[in-house]
Number of protein chains: 2
Amino acid sequence: MTYTLEQLRGLVAVAEELHFGRAAARLRMTQPPLSRQIQKLEAAVGAQLLERDTRRVTLTPAGHAFLAEARRILSIAEAAPALAQRVSSGFRGLVRMAFTSASTFGILGRLLNELEARLPEVHLELYEMVTREQIDALTGEDIDLGLARPPFDPELFESRLLHREALLLAVHEDHPLAGLDRAVVPADLATEPLIFHSQRKARYFYDLVVSMVPLAQERVVHTVSQVMTMLWLVSAGRGVAFVPASARLVGVPGVAFLPIATPIAEPVELHLLWPRRSHNPALARVLDALEHVML
Amino acid sequence: MTYTLEQLRGLVAVAEELHFGRAAARLRMTQPPLSRQIQKLEAAVGAQLLERDTRRVTLTPAGHAFLAEARRILSIAEAAPALAQRVSSGFRGLVRMAFTSASTFGILGRLLNELEARLPEVHLELYEMVTREQIDALTGEDIDLGLARPPFDPELFESRLLHREALLLAVHEDHPLAGLDRAVVPADLATEPLIFHSQRKARYFYDLVVSMVPLAQERVVHTVSQVMTMLWLVSAGRGVAFVPASARLVGVPGVAFLPIATPIAEPVELHLLWPRRSHNPALARVLDALEHVML
DNA sequence: ATTGACTGATACCTTTTCGGCATGACTTAC
DNA sequence: GTAAGTCATGCCGAAAAGGTATCAGTCAAT
């Protein structure tokens, strides 16, 4: 045999009023069923909780101890629905978000500040992944949201353009081009050793640069997938590299950044990316909160 | 509308099995009422907790959050009766105990060690009081148990002899009597200035000494109620005093203790004292634990 | 594509539980 | 001694809960 929350509410009321009649009135019921509630509670607990003297009601020591537990139970029980509702509405919860390393450095902080201010109860878990890994993780439901580069399969994913930036040429600061007072054109790079993006692992940048700047692939001296690596190779004097403007924010010494003449001023896109069929209510709130944010 | 502990047990079972049929079997019921329990719980909570797909059952984020609260509630609810039973049986609880200061120093520690070993869940609160105060506090239910000196009103109190000790004469170490190689007799004190017990505040010692050692009251130079005070006055050379043997344990410098020839070898009694009509179950266990302890 | 197995929801009925009223048993106060 | 107050008990009707049968939807195998 076990007891019910109603019986605990009865006990609390009687313990506070020390009078069955008044306690019953407070619970909007009559005294007899309240007396029976307490009797059943005592039977279920296996100890006398109240001393009834037909003239006064007192808590036994066991009653005192059990009352404290009853109050703990009831306070959790009363607060739990509101908690579940906040989670259900998405104002509280967990969003696991992936981002592409170096290229996101500049905007990730601002994005997190925005979310913290608007959704203080939503916890963000951050994962560093390249676009390909993000897509796999979104499909496998290991993350809820990505900051990634196109293209995406519109069958499976929704996305929103979050940020555009220019494509720059990273050169060693002692390089002759570093003093140039105009934008770099393909002809300037006719004999330069190139540090280039991997066609497989950094497909977006590969396709972008190829479409923006016609170049001879045979001058590629390194094939790399991370912006960070490119910067270090440039710093080491291995060649020149095409990087997004946000690479400036990474403090790699001895690297200069030059504008490039491209058909589109800011061709590098960063998108918010999420699965069409997500069951995480907090994701919807996060997307709402970022609706009008363009970083 | 509110929910019940049974519904929480239903939720936990379904969340663990992720299958209504198996969960119902575990709860020794059939599947339909369990489905209705969960529906009512969701209605009461105001959020969907489970995603049912006629093929698989999943927890929603709100369900996860609420499940954790449900487990907290149930674990308290399941542990609470055992707690109440321990309190009810007296194996756990609080006993407020008074003791007379100096004269109890020697035995109080041993008594507390004994109780700690036998009743580790019973907390003892200690109060320092003279016998008169103890009787008042027991009557007013401010304490549960006293360590006091007779006499007691047997109508209101029960008591048990806990300790006997000798009556000693405290003298300054430079006093001529300090070198005596036999017990002191009344004649030795014919001209000594006496530090004596207050007839009102230390009635027990007053009556005891008067009955054991016939003396001329006109040689009393100080009237005192606490043994501690007596020792300091002896130390200051103000006279000699009758003190219980346990006063030796109080480290007051320059005081020597001499045996006294008394009709009874150990006339000073210390009793356990408690109200006949106590409602504290822990008191009964403490008395049981001390049943055969004679300190 | 059809069929059978599986699973949660629903309809309906029976049993249990719960609350309310009337009243009893007992104590306290005047 | 009587009256007022308080908790417990008996009884009844209403509400709630559980069980059986069945429905509706999905998946897998033929």
Legend entry - Sidechain-backbone polar pair: B:Y204 side chain, B:A148 backbone, donor-acceptor under 3.5 Å: no
Inset, instruction - Determine which pairs satisfy salt bridge (charged side-chain N to carboxylate O under 4.0 Å, His left out) with at least one residue from residues 286-295 of chain B, sequence neighbours left out, and list them in order. - result: B:R285-B:D288
Legend entry - Contact pattern, 5' to 3', of nucleotides 21-30 of chain C - B, S or - by protein heavy atom under 4.0 Å: BB----BS--
Legend entry - Pairs meeting criterion salt bridge (charged side-chain N to carboxylate O under 4.0 Å, His left out) with involvement of residues 29-51 of chain B, two or more places apart: B:E42-B:R52
Legend entry - Rounded distance (Å) that lies between atom P of C:dA11 and atom CD of B:Q39: 10 Å
Legend entry - Main-chain N/O of B:R149 paired with B:T131 side-chain donor or acceptor, under 3.5 Å: yes
Legend entry - Side-chain donor/acceptor of A:R276 to backbone N/O of A:P154, under 3.5 Å: yes
Inset, instruction - Check each residue of residues 8-29 of chain A for a non-hydrogen atom within less than 4.0 Å of any atom in DNA chain C, then write out the ones that pass by number, or none. - result: A:M29
Inset, instruction - Measure from CG on B:L41 to C1' on C:dG8 and round the result to the nearest Å. - result: 17 Å
Inset, instruction - Using a 4.5 Å cut-off on heavy atoms from C-beta on, say whether the side chain of A:V122 contacts that of A:L115. - result: no
Legend entry - Non-neighbouring partners of B:P81 that pass side chain to side chain contact (heavy atoms under 4.5 Å, CB included), sequence neighbours left out: A:Y3, A:V45, A:F66, B:Q85
Inset, instruction - Could you tell me whether a side-chain N or O of A:T60 sits under 3.5 Å from a main-chain N or O of A:Q48, the two making a donor and an acceptor? - result: yes
Legend entry - Euclidean distance, B:R71 CZ relative to A:I76 CD1, rounded to 0.5 Å: 14.0 Å
Legend entry - Nearest-angstrom distance from the residue atom CD of A:Q37 to C1' of C:dT17: 12 Å
Inset, instruction - Under 4.0 Å from any heavy atom of chain B: name the first and the last nucleotide of DNA chain D that qualifies, 5' to 3'. - result: D:dA17 to D:dC27
Legend entry - From NE2 (B:H279) to CD (B:E141), nearest 0.5 Å: 7.0 Å
Inset, instruction - Provide, to the nearest angstrom, the distance between the CD1 atom belonging to A:I38 and the C1' atom belonging to C:dG19. - result: 15 Å
